[in-house]
Each structure stands twice: as structure tokens, then as C-alpha cells.
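Each chain gets a letter, A, B and so on, in the order the sequences are listed, and its residues count up from 1. We use all heavy atoms of the structure for the numbers below, so side chains are in, but hydrogens, waters and symmetry mates are not.
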Amino acid sequence: MRRETAFSAPPAPLPAPGKPGLLLYAREAAPFVITAVLLFVVAPNILSDFRLNLLAKFLCYAILAIGIDLMWGYTGMLSLGQAVWFGLGGYAMAMYLKLHASGESIPDFMNWSGLESLPWFWEPFRYAWFAIPAAMVLPGLLGFVLGYLVFRSRVKGAYFSIVTQALALILSIFFVGQQQYTGGTNGLTNYTELFGMNLADTSTQHTLYYITVGVLLAVFLVATWITRSPFGRLMVAIRDDEERVRFAGYNVGFMKALVFGVSAAMAGLAGALFVPQVGIISPANLGIVPSIEFVLLVAVGGRGTITGAVLGAVLVSWARSYLSETYPDTWQYFYGALFVGAVVLFPAGVVGFYRRVAGEVTSRVSRLRAGAPAPVAGMEMDARVGNAD
Amino acid sequence: MPTDTLLRIEDLVVAFDGFRVLDDLSLTLARGELRFLIGPNGAGKTTLMDVISGKIRADSGKVMFDLSHPEDAVSRPTQVDIEGEIRFEGHELTRMREDQIVKAGIGRKFQTPSVFGSLTCFNNVEVAAGFRDRVLGFFLPLGRARKEQVMSALERVGLEGRRDVPASALSHGERQWLEIAMLLVQDPKLLLLDEPVAGMTTRERERTGELLHALEGSHSIVVTEHDMDFVRQFSRTVTVLHMGRVLAEGRVEAIQSDPRVQEVYTGRHKTPAGAPA
């Protein structure tokens, strides 16, 4: 795979400084290539159908986690309502699947609630060409518009997080309340087929798995491209000092809304892939609890790196399902302890921890080679910061 | 030196909770002029810069500008009627967002150097350089011209050797320079430098002073400074602010022998360093 082109931009904002060279490109491309091989070749051959389906679900979370990382890790905006976009994307897909399963009649839950005809806003979701793009575009647009309004009034930091959390709460309550339109607490379920493929078939689930992997890799590349482009530097600049960016002549609110929109679109895409593989979407998927779990995926993996987001999503989701299977009664304690432990012991996440260890090893090796003490790049940096003031 | 006016401020008032931080302040700045702004703490120096750069809004007053470069007007937002408080090249600054003011040609360096710690020096200047780019341009790799533009800004402040060093690793003085480079790359018509030599070594101060002299003529510069040695060495015209008003204006020698200025400084028990007591 030719991925070098995606990495040919000047040195990235966060990784260790170094001259761009073939070796560096190889090192930078390595996580991507390894992920691709693992997911495309290794996983389908060693995992049972059930596990593969679970992995597909985790990979949907990984897509969403990349979006969160762009917002939080790179731009410094912590959204505690990302499940909203995931849910909207999921519902868009679910509406299409549900209508398809219902054939000529209206969906079953509408009958039960006394509706006699399909509501107008359900109508366009009969068509895949509308529903599938809408799963991305709708959350993206809404995220952008909402973000712009919020950021224009200079709402930021914890206040922004609270606004997004409130949004998650409002939307989940709204979806429960509008039973005749949304299926209420039960959500949307009982789908039959997608593009003529029976969703109950193993082969369909395999196909969906491969599609998910493909989409994840594409999102991975897009995110890498964004973070390596000048826009990526602008995102980091906003994270570091938003005021300075404003006084450097940027409409910061617009830029932040843009990142929010992209992030929301990624979450919507993840939701759309999630629904046919899991078979249900309900208001429980778009509330506060999943929103916070989503943020923790990135926190554990290591924010500020795309690999960290993907790794965190898969590791945490795997741990969740492993713990709940092994300790059906007490797993939530272990799960909680995992988060507390990860945040306390590895504040920079798995990737941050790896970098620290790798950095120390490299510096010791170079010290041994040079026969003289050579400071770690990071430590040298800290020392100078200390001198500055 | 060009003599036409770039910025004219008239009767500017800024009040915080009834206290007038700027009290009927009037000031005129010529195109290409280097102006030092001194005064005791609380005289209103930073507030004045805040108003010009859009960080805070004026309560009343007027700042006018004669649009003497009509060819510039094409690429600029349309002229607004003269009702507002600050006019800069036909712009009414008080109704503009901070970023629009920067795009109109006013660059600001803050009192505490603010740079982007996790970005390299190069990337810091690169971010500043892209301020007029269209959104889509941000997703393409940097062009050669832009890279050269960024490097030449770094060279002007002597940071070219530190291009790949994260800004958080710079010394205080180097950060000041980096922030100045971020202004220079935008080629503003007016630079507002709030205490640019604070925390610099003697050698660094000299370099900064030389840089100011190199920039005057092609840029208008307003510098606030507490360090009287620096002011004596590099100033042209000095404006003394006191209680939100202009107390005195002139060459530094004349200013220092002005009894009113001496009283303001000594009366507040705050003798400027090296000033004749």
C-alpha cells in the first residue's frame, strides 16, 4: 500500500522532532500498515464469527474515537455528548433498515402508537442514497451549526463540555418521549436485510466487518491527513492558546466549529456502521453514559495521537466485554477501576506510556553508544522551560 | 519618514465599573512611525492596545484615519461611516472582531509572550502566516513560497537555528522574538508591542532595539516599555500616559526633564530604572 504520500507533510505537531526521511515515514506508516494487516488478514482467520462481529462493533467505536481525538486531543475541546452524533447516525441508518423491513406498511411501533401514515421526515429514509449520506452529513452539519453558535459566544472549556452533556441528555429524553416517531425506549430493531443481503447471515456480517475495517482505515487516513496539514497545526495552536490564534487573525469560532462538525460526522458514520451489525439502536446509545465512555476510550488510548484513539477504543471495548463475560456480577467495578487506574497511572494513555518507555530506551542506548550522558529530548525541553521564568 | 497619519485617536474613554482607565485620550500616529508608550502601572498603556486590537470595547471617543492608500481599499472590507470610535485605514475597529482587525493590518504582541508551546518555532510562524488563507488551503501541504516567507521571518529575529524546537523549550527572550516573528510574517501596517524586551538579556535587548529601527519606516510601531534604559537607547518619540491621559509627548531627553513626568513617577514611588532621581 502506498501510504507515504499521506505523511509527506512537514514534521507533525506532536511526535518527537526529527528530520523527515524514509525511515521516519516507515515508522510513521507502521501503525497504519500493522492495523490494516491485523484487521484484514489476521482477525478474520483467528476469530470466531461471534468475536469478529464484536470486533466490528469495537471498530465502530474506534472510528468515533478518532473524531473525539481530533476535537479533544488536538483542538482541546472536550465534548461530553459525542453519543448524540453517534446516535443520530445510527438512527438514520436504522430508519432505512426499519422501513425496508416493514415493506409497504408503516413500522410496527408506529402502528402500536396509533400512527396511520408515515411521518414526512421518515419518507426520505426509504432510500439508501439519502439515508447513508445523511447518517454522516446530518450530524456533521448539526455539529457545525451548533458548534458555531456555541463558540461564537466564546463558550469554552468546562462550559462547553457541560453544554454538550446537556445536549446528550435532552436528545435521549426527547427520543424516549417521541415514541410514535422514534420507537421510544425500545429504539429501532428487527431489521431484515441490507442491499438484499440477509442481516442474519454470517456472510453478510463478514462483509459488514470488512466494510467497517475499510471505513476505519479511510477515517484513519483522513484524520492523519488533517493533523499533518497546516490545519492540524492550527488545531494544536487553538488547543495551546486560543486567544493568540484569534489575535493572529483567525476566526477561531469557525475553525472550532469545523472540527466539531468533522468529529460529529465521524461519529455519525460510526453509528451508521454500528446499527446493522448490532441490530438495534435505542436512546440508551445516545445518552450521557455512552458519551462519557467514548471519551474514556480516547483517554485510555492516549489523546493527541490517532493510533492512541484506535488502540484505546479496541482495548477498552475488549476489556469491557471480557470483564462482563468473566465476572457477570461484578464486572462494572473492574471496569471502573480500569478507568481510574488508567487515568492515574498513565495520564498520557497507552501510547503516551509507550512513547515514554521508548524514549528512555533510545536515550539510554544513545548514551551507551556515545559514552557520554545524553539528555532525553523531553527532559531537555522541561529544563529549558524551567529556566525561562 | 512619511508624515501621513495612520491612526488618529480622539477622546477615547474606557471605564471599568465607572473608573476611567482611558480618560479622553487622544493620540496620533504617523505611517512608519516608531512610538514608545511609557507610564506608571495603571496608566492605560495595555488598555489602549486592547482597544485598538479589539480585545475590549471603548465606551466613547473617536479614532479616525484618512484613507491615503486607496488601492488598498479594494482588498478590504467596505468603509463604514464615521460614527465609531477607532478608525484605521477606513475601518471602524470597534465594530470588528479581533481577527478582522488583524486582517486589516494590526498585529499585536502581548505582554506575556504567548506562543504555541507544543508547536515548533517554524509551525508557530506558519500558523501566523496562514491568516489570510482560505479554509481549503489549510488542507494542502505548505508551498515553497510560504516556507521561505516563514524562514525569512525567523531569520529576522534570529531564530532560524531553532526552527524545529518546540516553542515551550524556548527561553523567555526567545519566545518574545518568536511572537514578534509571528507578527512580522503577517506584514502588518501597525505593530503593537507590549513590553517586547521584558525578560531579555542586554544583548537580546540590543538586537530587539535594532530590529525596531529596521522595521520603522515600513511599519508603524507602538511599543510600551518599562525599561528606561531601553527607551533612552532606542526611542524616537515618547508618549507618557498617566491616569488614562497623555501627560507628555516628545523626545526622551525632553520627557525625562519634564517636571510633570518626574512628579508622576516619583510621586508614585516608582522611579523608572536609571531615571535621574
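The 12-atom threshold is exceeded at CZ of B:Phe139, counting heavy atoms of other residues, nucleotides or ligands nearer than 6.0 Å. Crowding of A:Tyr354 atom OH: a count of heavy atoms from other residues, nucleotides or ligands under 6.0 Å not exceeding 12. Counting heavy atoms of neighbouring residues, nucleotides and ligands inside a 6.0 Å radius, atom CG of B:Leu136 does not exceed 12 of them.
In this structure a side-chain-to-backbone donor-acceptor pair under 3.5 Å is missing from A:Tyr250 to B:Arg132. With A:Trp225 contributing its side chain and B:Leu140 its backbone, the two residues share no donor-acceptor pair below 3.5 Å. Looking only at distances, a side-chain donor or acceptor of A:Asp240 sits under 3.5 Å from a matching main-chain atom of B:Gly117.
Counting all heavy atoms, side chain and backbone alike, A:Arg233 lies closest to B:Leu142 at NH2-CG, 4.1 Å.
Of all residues in residues 252-263 of chain A, those placing a non-hydrogen atom less than 4.5 angstrom from a non-hydrogen atom of chain B are A:Phe254, A:Met255, A:Leu258. The contact list for residues 242-249 of chain A toward chain B, using heavy atoms and a distance under 4.5 Å, reads A:Glu243, A:Arg244, A:Val245, A:Arg246, A:Phe247, A:Ala248, A:Gly249 by residue number.
Rounding to the nearest 0.5 Å places CG of A:Leu234 at 9.5 Å from CD of B:Glu126.
Aromatic ring pairs are classed by plane angle as parallel below 30°, tilted from 30° to 60° and perpendicular above 60°; the pair A:Phe231 and B:Phe138 is perpendicular.
Between A:Pro230 and B:Arg146, every side-chain heavy-atom pair lies at or beyond the 4.5 Å cut-off. Annotation: side chain of A:Val236 is not in contact with side chain of B:Phe116 (no heavy-atom distance under 4.5 Å).
Evaluation of the salt bridge (charged side-chain N to carboxylate O under 4.0 Å, His left out) rule for B:Asp187 yields no partner, not counting sequence neighbours.
Legend: side chain to side chain donor-acceptor pair (under 3.5 Å) pairs involving residues 144-155 of chain A, not counting sequence neighbours, sorted by first then second residue: A:Arg154-B:Glu98.
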